[in-house]
Amino acid sequence: MVKYPFLPHARKYIADLGIVLDDLGELGTIIDRAKVRIAATFEFLAHVQNQAPYKRVEIEIASFPVAILVVTGVKDRLLTERYALSEARKTYNYLLEEKQEVILEIAKSFGWDISLSKDEPFPMKMHFVNYLNNTSRGRLVHSPEWKLVNRHVRNGQVYVTRKEACRLLQEEVRKYIEDKTREKISKIPPNIQEITEEIKGEFKKRKPHLTEFDQKVQAKESEYPPCIMNFLDRTSKGQHLSQTERFTLVTYLLNQGISVDRVVNLFSNIPDFREDKTRYQVEHLAGQRGSGIPYKTYNCSTLQTHGVCANPKDPICRSIKNPLTYHLRRKPSKKN
Ligand code: SF4
């Protein structure tokens, strides 16, 4: 229930605790935990989703509906989407560790027609309607591998790997949370309203930066920030890069739309280069392995702490929080 607080028995558990909306305002610890859940969505490090659950289970479970209540009260589409995605990714990471039976049970709680299959390499099969409901919007809609024509389908059942089932459930949870935040609430208790205002204010401050960060305008190489130019230059000369520098360079380039192949090739001058190992790591950071979530580049403050920021005095650098937004603040040059 801590991991999957949206399940019917978690909802029943909360109901049995006897918490009613008017009481929630009294329960400071639950509200504080709900705030942490929401505040985590403001961060760039979307891959750091596994904040340790609060040690008292009833607090952790109850903080989920309270967080939804607060997000509903803020009434900001961007916050809703970020929060739903953050919780859904957490679910995905938990699901990856589960036995198949648990994955099936959770899927069935959403009404999926899903069962085990004997067809290798697909241990599960699901009704095509459940499949389409979770691939026809969001990030999966543009990926050819999720298109129904590219799938193994028999008797109306789509065959999926265990990891694919988890990824589809991530979409289901995201939709569930977004739908919940659209429900009408008759009244928000005063203390919850206070937190709602606080979150609204904090989010408003960060929103322009977050919106900018979400833009898909890709940088040309001449627009890369000083730190990335430095890492690129040293890589092309075959010089050593620390782990932080490599991580930053690779995640930056991937987020700018550079292909895995090109990123792998960049490292071919490094004396200890091994293509298979490098490719594995780059694919992992691109979200093609492991969690399935592309990694974001470290924030400038983190790079400064590690002593790898190249030029914090650069006027653009002084105004940004993450190298990925550097090119968006540059004035277009006359040549362009
Ligand atoms: S401030 Fe940020 S973008 Fe600029 S050089 Fe330092 S780490 Fe890179």
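Start at 1 and go down the list; that is how both ligands and their atoms are numbered.
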task = Using 2.8 Å as a strict upper limit, say whether an N, O or S atom of Cys227 approaches atom 2 (Fe) of ligand 1 that closely.
result = no
inquiry  = One thing to verify: whether Glu164 and Arg167 come together as a salt bridge, which I'm taking to mean a side-chain N less than 4.0 angstrom from a carboxylate O.
reply    = no
ask   = Taking atom types as modelled and ignoring hydrogens, do the side chains of Glu87 and Tyr83 form a donor-acceptor contact shorter than 3.5 angstrom?
value = yes
ask   = Against heavy atoms of Pro225, which atoms of ligand 1 measure under 4.0 Å?
value = 3 (S)
request  = Do me a favour and list the nearest non-hydrogen protein atom to atom 6 (Fe) of ligand 1 with residue, atom name and distance?
outcome  = Cys309 SG, 2.3 Å
request  = Report the nearest protein non-hydrogen atom to atom 2 (Fe) of ligand 1: residue, atom name, distance rounded to 0.1 Å.
outcome  = Cys300 SG, 2.3 Å
key: Pair Gln256-Tyr252, side chain to side chain donor-acceptor pair (under 3.5 Å): steps then yes or no   = CA-CA 6 Å; Gln256 294 297 359; Tyr252 179 88; 3.2 Å; yes
query = Going through the distances and angles, do Tyr298 and Thr305 end up as a side-chain contact (heavy atoms from CB on, under 4.5 Å)?
reply = CA-CA 11 Å; Tyr298 287 136; Thr305 307; over 6 Å; no
request  = Kindly identify the option in Ile320, Leu303, Asp314, Asn322 whose heavy atom sits closest to atom 7 (S) of ligand 1.
outcome  = Leu303
request  = Report, in ascending order of atom number, the atoms of ligand 1 lying under 4.0 Å from any heavy atom of Asn311.
outcome  = 5 (S)
query = Within a radius of less than 6.0 Å around NE2 of His306, do more than 12 heavy atoms belonging to other residues, nucleotides or ligands occur?
reply = no
ask   = Which of the atoms of ligand 1 are close to Gln304, meaning less than 4.0 Å from one of its heavy atoms?
value = 1 (S)
message = With no hydrogens and no angle check, just 3.5 Å: does a side-chain donor-acceptor pair link Arg89 and Asn93?
response = no
query = What is the closest protein heavy atom to atom 4 (Fe) of ligand 1, and at what distance does it sit?
reply = Cys317 SG, 2.2 Å
